[in-house]
Number of protein chains: 2
Amino acid sequence: MSCTITLQQKGYRLTPQRMMVLDIIHDSKGHISAEEIHQRVRQRYPFVNISTVYRTLNLLKKLHLISETDMGEGYVRYELLERGRHHHLVCRRCGQSFAFEHESLKPLQARLLKEYGFAADLDHFAIFGLCQRCRPAEGKAGAREESQRGDD
Amino acid sequence: MSCTITLQQKGYRLTPQRMMVLDIIHDSKGHISAEEIHQRVRQRYPFVNISTVYRTLNLLKKLHLISETDMGEGYVRYELLERGRHHHLVCRRCGQSFAFEHESLKPLQARLLKEYGFAADLDHFAIFGLCQRCRPAEGKAGAREESQRGDD
DNA sequence: GTTGCAGTTGCAATGAGTTGCACAATAACA
DNA sequence: TGTTATTGTGCAACTCATTGCAACTGCAAC
Ligand SMILES: [Mn+2]
Ligand SMILES: [Mn+2]
Ligand SMILES: [Zn+2]
Ligand SMILES: [Zn+2]
């Protein structure tokens, strides 16, 4: 896989721990949490520490091989970037998540570059808001009554 | 101030703790951290707990009276929303932050609404990337050598 | 080979933020 | 006013993630 090559080319060691983390991210279909990665790594080799998993994830993130995204669950999720650029819309009411193409962010990216000379890292966004179904409901409700999830 | 009225109108109590937190956010000029708020609250009344500060901030956030933003410092910062909508570009290399007008995000907001029926909460974004000055530097460097901040 | 050294790991401690729970404060109602 | 229901707070325990440090690894120079 291309990640391992990139890692070595940049002068980082391809340790067993890093290989295991990479394998598991590759095998996982969608977004995966650090805890899930750690558990699967430990099935193969039980002595790998969670801090090593986090350090590996931070390294892969720095190299833009994976994305780190807060989907509003209280912990972050990771995903391979080589699997096509896309982003997500997360409904703050029902919690559902909808993917959308990177295409929709390209005009913004171009504008930030042109107006401010800023090259934005638009790897994998999670944009919060109200989905089509929840939008009418929220407008009506007096915000206090009938709150779906146990907030505040 | 309008925040206190909103709070009461929505049926929330205007407790001394909440008033102190609101006061401090109003008095602070830019973005402020929970820890800073807590310290200033304690100068007035030393028995307020940090969890009450966090709970108040989460409430104000839910009501869209303040924004909560990760500016890449390892903790989040809060800012009054009534002080004009804007966002920030944060350079991942030099750490500098540049404000930009909400105007630049409006086309995206419109597009998400039109294409996906999704009403995005674009309260106060921090978009990471490379600023004008750092952009040339990053392209050249082999990523490993001469890394400014003590990463990985 | 063995010495030197940068890179990496495990472990324990720490930091930021949240949560369960008992109690306090306030509102609602008689 | 007294009684009860609701909301909010303090505290301690907890979760997710990061960090300092000592020990270990792989590699190159001597
Ligand atoms: Mn995704
Ligand atoms: Mn701001
Ligand atoms: Zn929804
Ligand atoms: Zn910069």
Side-chain angles (χ1 to χ4, degrees), chain A residues 4 7-22 31-39 41-42 44-63 66 68-78 142-147 149-152, chain B residues 4 7-22 31-39 41-42 44-63 66 68-78 142-147 149-152:
Chain A
T4 62
L7 222 64
Q8 285 188 308
Q9 276 176 351
K10 298 268 182 184
Y12 297 97
R13 290 191 199 155
L14 198 53
T15 64
Q17 290 89 336
R18 285 177 177 167
M19 267 196 283
M20 286 188 276
V21 169
L22 269 171
H31 314 118
I32 187 169
S33 73
E35 190 53 47
E36 279 167 35
I37 293 169
H38 185 221
Q39 279 180 11
V41 168
R42 296 230 291 201
R44 286 198 230 164
Y45 181 69
F47 305 105
V48 176
N49 196 270
I50 185 79
S51 64
T52 299
V53 172
Y54 278 114
R55 280 192 276 233
T56 301
L57 290 170
N58 284 337
L59 175 60
L60 298 175
K61 187 177 60 178
K62 202 179 74 177
L63 300 176
I66 62 171
E68 181 193 71
T69 314
D70 176 2
M71 310 280 285
E73 299 169 294
Y75 53 85
V76 297
R77 289 187 171 274
Y78 301 86
R144 200 79 222 265
E145 54 271 357
E146 212 242 325
S147 59
R149 316 154 105 227
D151 16 36
D152 66 304
Chain B
T4 62
L7 221 64
Q8 285 188 308
Q9 277 177 351
K10 298 267 182 184
Y12 296 97
R13 291 185 197 161
L14 198 53
T15 65
Q17 289 89 336
R18 285 176 179 169
M19 267 196 284
M20 286 188 275
V21 170
L22 269 171
H31 314 117
I32 188 170
S33 73
E35 190 53 47
E36 279 166 36
I37 293 169
H38 184 220
Q39 280 180 9
V41 167
R42 296 229 291 200
R44 286 198 230 164
Y45 181 69
F47 305 105
V48 177
N49 196 269
I50 185 80
S51 63
T52 299
V53 173
Y54 278 114
R55 280 192 277 233
T56 301
L57 291 171
N58 284 337
L59 175 60
L60 298 175
K61 188 177 61 180
K62 201 179 75 177
L63 299 177
I66 62 171
E68 180 194 71
T69 314
D70 176 3
M71 311 280 284
E73 298 169 295
Y75 52 86
V76 298
R77 289 188 170 275
Y78 301 85
R144 200 77 221 268
E145 54 270 2
E146 212 242 326
S147 59
R149 315 154 107 230
D151 14 40
D152 66 303

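Because the structure is predicted, anything quoted here is derived from the model rather than measured. In the text below, chain A, chain B and the rest are named by the order of the sequence lines, each starting its count at 1.
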Phosphate-side-chain proximity, [X] and [N], N/O vs OP1/OP2 below 4.0 Å:
X        : N       : result
Asn49(A) : dC11(C) : yes
Ser51(A) : dG10(C) : no
Thr15(B) : dT9(D)  : yes
Arg55(A) : dT9(C)  : no
Gln17(B) : dG10(D) : yes

Those residues at least two apart in sequence (or on a different chain) that pass ring-ring contact (aromatic ring centres under 6.0 Å, His included) with His38(A) are none
Figure out the [atom1]/[atom2] separation between [X] and [N], and round it to whole Å.
X        : N       : atom1 : atom2 : answer
Ile50(A) : dA12(C) : CD1   : P     : 15 Å
Tyr12(A) : dC27(D) : OH    : P     : 17 Å
Met20(A) : dT8(C)  : CE    : P     : 15 Å
Glu73(B) : dG15(C) : CD    : C1'   : 15 Å
Leu59(B) : dG8(D)  : CG    : C1'   : 11 Å
Lys61(B) : dG17(C) : NZ    : P     : 10 Å
Phe47(B) : dA24(C) : CZ    : C1'   : 16 Å
Met19(B) : dA25(C) : CE    : C1'   : 13 Å

For [X] against [Y], the heavy-atom pair lying closest together:
X        : Y        : value
Leu63(A) : Leu7(A)  : CD1-CD1, 3.5 Å
Ala34(B) : Ile50(B) : O-CD1, 4.1 Å
Tyr75(B) : Asp70(B) : O-OD1, 4.3 Å
Met71(B) : His31(B) : CE-CE1, 3.9 Å

Tell me if the side-chain of Arg13(A) makes a donor-acceptor pair with the base of dT25(D), cut-off 3.5 Å, by modelled atom types.
yes
Among dT8(C), dA17(D), dG17(C), which is the nearest nucleotide to the side chain of Tyr75(B)?
dG17(C)
Hey, does Tyr54(B) reach any base, or is it just sugar-phosphate, or nothing, if we go heavy atoms under 4.0 Å?
base
